[in-house]
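Data block below; observations after.
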Number of protein chains: 2
Amino acid sequence: MPAKRAADAQPAGMTAHESVYRTLRERILIGGFAPGMAVTLRGLADTLGVSVMPVRDAVRRLIAERALMMQDNRRVLVPEMTRSKFNQVVFARQSMEPELAARALPSMTASDIKALQAIDQSIDRAMSKGDVEGYMRGNFQFHFAIYKLARNDMLLGLVESVWLQFGPFMRVAYGRYDTSKLEDFHQAALKAMRSGDEAGLRAAIAADIGQGMSFIGDEVLAHAEAGGKGARTHAYVPARAAS
Amino acid sequence: MPAKRAADAQPAGMTAHESVYRTLRERILIGGFAPGMAVTLRGLADTLGVSVMPVRDAVRRLIAERALMMQDNRRVLVPEMTRSKFNQVVFARQSMEPELAARALPSMTASDIKALQAIDQSIDRAMSKGDVEGYMRGNFQFHFAIYKLARNDMLLGLVESVWLQFGPFMRVAYGRYDTSKLEDFHQAALKAMRSGDEAGLRAAIAADIGQGMSFIGDEVLAHAEAGGKGARTHAYVPARAAS
DNA sequence: GCGACCCCATTGTGATCACAAAATTCGCGA
DNA sequence: TCGCGAATTTTGTGATCACAATGGGGTCGC
């Protein structure tokens, strides 16, 4: 049996394609790929220790979800962020996520809230250690643990698609600036959940999105646009480029 | 050269996969597949006159877009509609489509509106002829011709994904009942566009969605649920099953 | 007559190969 | 030293084959 590196530990019954997909998806959400970075099927296949077929399937799936894009040359790369696209992301998030949270509220149990608190604490720990990856993973878990409770698969899928599209970009922002400056709206959200305050929960989620996104947008987009839009180099290097 | 049946006429530079994808997607949006109907890679490949690889790519893409689904058996089939999923579709449409229309309004030119009118007339023609397929195609074109003008690719993509998910279901409804009973909210929408009335346009789109969906939901879901939820047979036969 | 069981056709998955197009590299010439 | 072009490498696409699992159909036993 050939030695596989990542994408291992298939929970029995998972196809290679599924395993590769989850690995890549996780990496995108955590910001493991830099915007503008090119990915190749054979390159990923070598890295993950599988043949090109499962990688091909996974990459096509991610392209369908807009997490990756294919340009006319048929070259696959991580999409760049533009001001326009950024505004679309913000609007989409603000439209759907507070709504999902509000719909999750009625079915929320005490243990659900406890679990969310634990996630939020892990976010704090990651932040104090300067662990950007841990922060992003926690942030993702916090939001989607809430949204899942709404039991609205369609809206949930749409929101996931949006997150996949700004994941790489978020990493650039959080990698460049100190996350500890951010006000913690998660606490406000938790408080609203405990008291069953729907309006408060909506507001907290909206504020969390608004802060995070405006933070990202102002800093990074201004930077990118000032630095010239053509084929700029990326100071940021992915966490595990070829490890 | 082997004789191809459908998916022909590749506009030069289109891959076989892309061609197959568009063919299948069109067919789904028009309701060419019945909910619950199983599709096989080799079957589609034979029908379309291509090998299984492009079909495999296209089907996986449609699965990623939730237009098709793969059950645990790894069998691919057209998703069924449930009451819960249906409510989610309605809510998602009501959330996004009036907004998209409103955003399209400012950049709408007289010729845009003329084109929309032409589409609406083709819908009337199809309706009077009892041409369900033409009606659905026209309805899709009418809505998305508007939404495209908003220049919001993200929201547009999300809406497309939602349409793909209720396409087969809509066909069941429209195939079973007479569409001529429907009030024409497209005219109201066109009137609002001409006068630049954003609120009116939002209302017209919302009403169009509300009418169409409640029509579908009340009739078909009630029917489906009354008829027993287990492995029922489908009276409806796809337009070109094996032609 | 009916049910359980076995066999085989069919399914999606994945590997490997061939191919054309694109990008990169190398070398030649000015 | 620099620019341009040809050769080579690398890319995604698609075809074909092998394989394991699933499902259906037919047959045998009761």
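Reminder, nothing fancy here: chain letters follow the sequence lines and each chain counts from 1. The basis for the numbers below is simple: all heavy atoms, side chains too, and nothing from hydrogens, waters or symmetry mates.
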With a cut-off of under 6.0 Å to the ring centre and 45° to the axis, is B:R171 in cation-pi contact with B:F33? no
How many Å lie between [atom1] on [X] and [atom2] on [N], as a whole number?
X	N	atom1	atom2	value
A:L68	D:dG12	CG	P	11 Å
A:D46	D:dG12	CG	P	12 Å
B:M14	D:dT13	CE	C1'	15 Å
B:M37	C:dT11	CE	P	13 Å
B:D72	C:dG12	CG	C1'	14 Å
B:M53	C:dG12	CE	P	13 Å
B:R60	C:dT11	CZ	P	16 Å
A:L77	D:dG12	CG	P	11 Å

Consider only side-chain N and O atoms of A:Q88 and A:S84, and report whether a donor and an acceptor are under 3.5 Å apart. yes
Would you please say whether a donor-acceptor pair under 3.5 Å links the side chains of A:D112 and A:T109?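 There is such a pair between these side chains.
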Can you check whether [X] has a side-chain N or O nearer than 4.0 Å to OP1 or OP2 of [N]?
X	N	result
B:R75	C:dT10	no
B:T15	D:dT13	no
B:N73	D:dG23	yes

Counting only side-chain heavy atoms from C-beta out, which of [options] sits nearest to [X]?
X	options	value
B:R74	C:dG12, D:dG12, D:dG14	C:dG12
B:M70	D:dT16, D:dT13, C:dT13	C:dT13
B:L41	C:dG12, D:dG14, C:dT16	C:dG12

Within the structure shown, what part of the strands sits under 4.0 Å from [X] by heavy-atom distance: base, sugar-phosphate, or nothing?
X	result
B:R56	base
B:R42	base
B:V39	sugar-phosphate

Please figure out whether A:V52 or A:Q71 has its closest DNA chain C nucleotide nearer the 5' end. A:V52
In chain order, what residues pass the side-chain contact (heavy atoms from CB on, under 4.5 Å) check against A:L41, with sequence neighbours excluded?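 By the side-chain contact (heavy atoms from CB on, under 4.5 Å) rule, A:L41 matches A:V55, A:R56, A:V59.
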State whether the number of non-hydrogen atoms from other residues, nucleotides or ligands found under 6.0 Å of A:R25 atom CZ is greater than 12. yes
